[in-house]
Protein chains: 2
Amino acid sequence: MSAEPSGGSAVMAVAPEGVPNVTASDDLAALLTPVLHGVVWPDGTAGVGDGDVVVISSKVVSKAEGRLVAARDDAERESAIDGETVRVVAERPKPDGGRLRIVENRLGLVMAAAGVDTSDVPPGTALLLPEDPDESARQIRRGLNARLGSRPGVIVSDTAGRPWRRGVVDMAIGAAGITVLSDLRGTRDQYGRELETTVIGVADEIAAAAELVKGKISGRPVAVVRGMAHVVTAEDGEGAGSLVRPPEEDMFRRGVRET
Amino acid sequence: MSAEPSGGSAVMAVAPEGVPNVTASDDLAALLTPVLHGVVWPDGTAGVGDGDVVVISSKVVSKAEGRLVAARDDAERESAIDGETVRVVAERPKPDGGRLRIVENRLGLVMAAAGVDTSDVPPGTALLLPEDPDESARQIRRGLNARLGSRPGVIVSDTAGRPWRRGVVDMAIGAAGITVLSDLRGTRDQYGRELETTVIGVADEIAAAAELVKGKISGRPVAVVRGMAHVVTAEDGEGAGSLVRPPEEDMFRRGVRET
């Protein structure tokens with residue numbers, strides 16, 4: 001299903017309209033199937049195929065999994081964040097009072113407020129990230145495979161800030177049927193030397209590309225990316241958990257020189 | 001020029017073949033013009049238009065700007081890195097000997113080896129980042145505008161690792177004619193509350209999307225992204241320098257709790 005116009009490689013990302021509001025215990029795969037059948041690509045083709053990647057905002061996955069908790073006041077909001085927090089990485093007072101905390105959550109993701117979401121959720125509630133986003137992606141993939149008759153890869157995406165860079169970007173927090181890290185080790189340049197840049201965070205780049213069409217409040221929480229069939233796999237694979245850098249590789253635990 | 005299939009929004013990224021090897025004092029805009037004229041989109045249209053974004057790997061920009069320096073041995077390579085380094089953020093011994101240094105370079109970018117590149121360059125040399133990637137982007141944009149008769153946005157992209165995440169991703173280190181930060185402040189969700197996630201690093205997401213088609217050693221150092229006309233501006237704008245988080249906003253300078 002890879003899009004290959006003459007003389008180059010191409011990727012397309014489409015975010016279909018018409019995804020209904022998702023609530024607890026909705027079957028996301030069933031709910032998305034008609035929407036995905038209706039996807040129309042710039043080249044005029046329609047639907048979702050084997051080499052495509054379906055990118056779903058974690059918000060709708062969490063809503064389907066009933067991850068809403070009470071957050072009627074700051075205390076309840078803070079306790080929801082505490083419940084997801086494994087380690088405080090950085091903390092500072094907010095202009096509006098309260099404290100901004102960048103923490104490592106139980107998924108190993110370093111995020112503001114541990115990834116607890118109070119935007120676009122019912123007043124008095126907060127939305128936790130999926131319990132196991134890789135398992136969520138696997139389940140959605142199985143459901144889509146059964147209903148679509150095709151076997152796209154699935155990414156569960158979330159939005160996070162970065163150290164040293166302004167602006168948030170989307171990344172992959174769950175994945176199934178995707179090579180999340182594209183390993184170029186052993187690849188040689190035109191001078192016969194091995195490349196320095198060896199492992200590409202391709203699932204994060206696909207999630208970022210999908211955000212360009214999904215947007216934040218567009219009512220388009222799902223995008224399909226076509227042209228990346230070379231990273232879509234028959235097996236579910238190791239998932240986005242493998243994108244989390246293990247502590248022993250983390251040079252920023254102390255933010256200082258190691259000798 | 002935005003690609004808008006029925007019932008959703010779409011983005012396309014194409015990396016054309018046929019970009020010649022770039023050497024010092026090449027006029028990149030002149031060199032890229034025939035290649036960009038030859039771009040064929042998945043929808044069958046051709047060429048590069050006003051709302052498109054041309055994403056160029058910093059490697060070819062640096063080569064055109066004569067940023068190759070001698071690096072015949074480790075000492076010369078280290079001194080090239082030292083010359084670009086403003087601040088060492090983290091440092092650790094490499095398995096193969098030598099030291100891996102994550103540093104802030106003179107552009108404010110936090111990168112391994114200060115962004116000094118020894119891949120895919122002639123033996124005995126190293127490639128420095130462009131002196132001023134935003135100015136590079138402005139010059140290339142002017143040149144493309146004069147030659148193409150259209151006014152695409154221009155991004156100069158580079159590849160970097162991230163703390164806490166495995167794998168490298170592309171980001172925007174130079175930009176002209178692009179809204180690099182998409183500011184949603186004041187936008188309200190369906191419940192009337194302001195969004196928490198307010199500023200999107202859209203130029204970094206476009207650079208990441210472009211990397212999906214450019215690849216590292218594919219001989220395709222340039223990609224064109226269509227469907228983002230809403231962030232392409234008539235003015236050159238503030239550039240990718242504004243994506244660099246100023247020290248007073250940087251919660252990771254000490255990697256510890258601030259009280």
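Numbers restart at 1 for each chain; the letters A, B, ... are given by sequence-line order, proteins then strands. Keep in mind that this is a model prediction, so the values were computed, not measured.
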Could you go step by step and tell me if A:M228 and A:V202 meet the side chain to side chain contact (heavy atoms under 4.5 Å, CB included) rule? CA-CA 10 Å; A:M228 296 303 295; A:V202 64; 3.7 Å; yes

Heavy-atom distances under 4.5 Å only: say whether [X] touches chain A with side chain, backbone, both or neither.
X: B:V121; result: both
X: B:R193; result: side chain
X: B:L181; result: side chain
X: B:L109; result: side chain

Salt bridge or not for A:D158 and A:K59, using N-O below 4.0 Å?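 No, this pair does not count.
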
With a 4.5 Å cut-off on heavy-atom pairs, point out which of B:A207, B:A113, B:G167, B:P122 contacts chain A the most.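 Greatest number of close heavy-atom pairs with chain A: B:P122.
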
Based on non-hydrogen pairs under 4.5 Å, which of B:A209, B:G44, B:P123 is most in contact with chain A? B:P123

By side chain to side chain contact (heavy atoms under 4.5 Å, CB included), A:D183 pairs with (sequence neighbours left out) A:R185, A:V199

With a 3.5 Å distance limit and no angle check, can you tell me whether B:R162 reaches the backbone of B:R166 through a side-chain donor-acceptor pair? yes

Check: A:D204 side chain, A:G201 main-chain N or O, donor-acceptor pair, under 3.5 Å: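 Here the side-chain-to-backbone pair does not exist.
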
